[in-house]
Amino acid sequence: MFRKLKEDIEVVFEQDPAARNYFEVILTYSGLHAVWAHRIAHAFFKRKMFFIARVISQVSRFFTGIEIHPGAKIGRRFFIDHGMGVVIGETCEIGNNVTVFQGVTLGGTGKEKGKRHPTIQDNALIATGAKVLGSITIGENSKVGAGSVVLKDVPANSTVVGIPGKIVIQDGVKVKRDLNHHEMPDPTGDRFVELENQIARLQNELLLLKERKKIDDHSSL
């Protein structure tokens with residue numbers, strides 16, 4: 001346990017150039033506090049002392065702004081940079097040397113049962129505000145770009161960006177995509193086409209009603 005705690009401190013110095021000394025890191029880094037609290041809560045969770053585990057996690061959430069379910073499995077040298085707004089679900093599994101930034105959600109989609117949260121493999125990086133949802137796997141050495149929403153597995157050594165997340169680099173090679181701009185979705189244009197079709201249908205119905213009225217008028221004569 002103490003070896004893990006020491007590693008948690010060392011990774012802060014490796015990842016954050018603003019870290020100056022051990023005293024500052026131990027007292028002021030909320031991400032470190034959240035990881036330490038989770039390690040304690042997870043130990044209680046494994047012993048089926050669920051209530052105590054949840055109390056510890058909720059107290060940690062109150063002080064750090066980081067919510068980690070005590071059931072989540074987190075490897076060594078896990079680093080949360082800044083951290084505010086980070087949410088990590090119960091069945092999430094995180095490997096070694098993983099880094100996440102503020103606003104990251106490692107959550108579920110609300111549809112699964114059992115294993116319903118992501119697996120983040122070794123050396124992955126999840127950037128600011130990214131959402132990784134569902135029982136999916138982010139492969140080793142992969143990166144998820146800021147603000148991305150990832151709903152499918154990401155292979156190792158890949159970079160994913162966008163909503164929904166798409167692979168833009170894999171094994172160091174840029175993934176080429178055909179950008180047919182004329183085929184890009186145009187919600188506004190689609191709505192105008194729909195309105196034009198509705199107007200055309202109404203005009204046809206109006207013409208039919210006029211024709212029927214003429215027939216009825218002739219019949220009454």
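As a basis for the values below, the full set of heavy atoms in this structure was taken, side chains included, without hydrogen atoms, waters or symmetry mates.
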Measuring from [X]:[atom1] to [Y]:[atom2], what's the distance to the nearest 0.5 Å?
X    : Y    : atom1 : atom2 : answer
L206 : E211 : CG    : CD    : 10.5 Å
Q15  : T99  : CD    : OG1   : 3.5 Å
L125 : I138 : CG    : CD1   : 11.5 Å
H117 : E93  : NE2   : CD    : 11.5 Å
T64  : L32  : OG1   : CG    : 11.0 Å
F51  : R54  : CZ    : CZ    : 10.5 Å

Over 12 foreign heavy atoms within 6.0 Å of [atom1], [X]:
X    : atom1 : answer
R61  : CZ    : no
K143 : NZ    : no
F50  : CZ    : yes

Under 4.5 Å between side-chain heavy atoms, counting indirect links through other Ile/Leu/Val/Met/Phe/Trp/Tyr residues: same cluster for [X] and [Y] or not?
X    : Y    : value
L106 : F45  : no
I126 : I167 : yes
I136 : V87  : no

Could you check whether any side-chain N or O of [X] sits under 3.5 Å from a backbone N or O of [Y], counting only pairs where one atom can act as donor and the other as acceptor?
X    : Y    : answer
N96  : G75  : no
S57  : V55  : no
T119 : S135 : no
T91  : K115 : no
S142 : P155 : yes
H38  : A72  : yes

- [ ] May I have the step-by-step check of side chain to side chain contact (heavy atoms under 4.5 Å, CB included) for V132 and V154, ending in yes or no?
- [x] CA-CA 10 Å; V132 183; V154 175; over 6 Å; no
Open item on the list: Less than 4.5 Å apart, side chain to side chain, heavy atoms only: is that true for Y29 and I9?
Closed with: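 Contact flag for Y29/I9 side chains = no.
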Open item on the list: I want to check something: taking the side chain as every heavy atom from C-beta on, are V25 and D16 in contact at a cut-off of under 4.5 Å?
Closed with: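 When only atoms from C-beta onward are counted, D16 and V25 do not touch, as no gap falls below 4.5 Å.
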Quick check: closest heavy atoms across [X] and [Y], and the distance to 0.1 Å?
X    : Y    : result
Q121 : E140 : OE1-N, 3.3 Å
P118 : G107 : CD-O, 3.5 Å
V11  : F79  : CG1-CB, 4.1 Å

Open item on the list: Could you check whether Y22 and F13 have their ring centres less than 6.0 Å apart?
Closed with: yes
Open item on the list: Would you call the rings of H33 and W36 parallel, tilted or perpendicular, taking 30° and 60° as the class edges?
Closed with: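 H33 and W36: tilted rings.
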Open item on the list: Distance alone, cut at 3.5 Å: any donor-acceptor contact between the side chains of N141 and N123?
Closed with: yes
TODO: Begin from the C-alpha positions of N97 and D122 and carry the test side chain to side chain contact (heavy atoms under 4.5 Å, CB included) through to its verdict.
DONE: CA-CA 6 Å; N97 299 302; D122 296 349; 5.8 Å; no
Open item on the list: So if I apply the salt bridge (charged side-chain N to carboxylate O under 4.0 Å, His left out) rule between D8 and each of R39, R77, R76, which one comes out positive?
Closed with: R39
Task: Steps toward side chain to side chain contact (heavy atoms under 4.5 Å, CB included) verdict (I94, V100) - done: CA-CA 11 Å; I94 298 175; V100 303; 5.8 Å; no
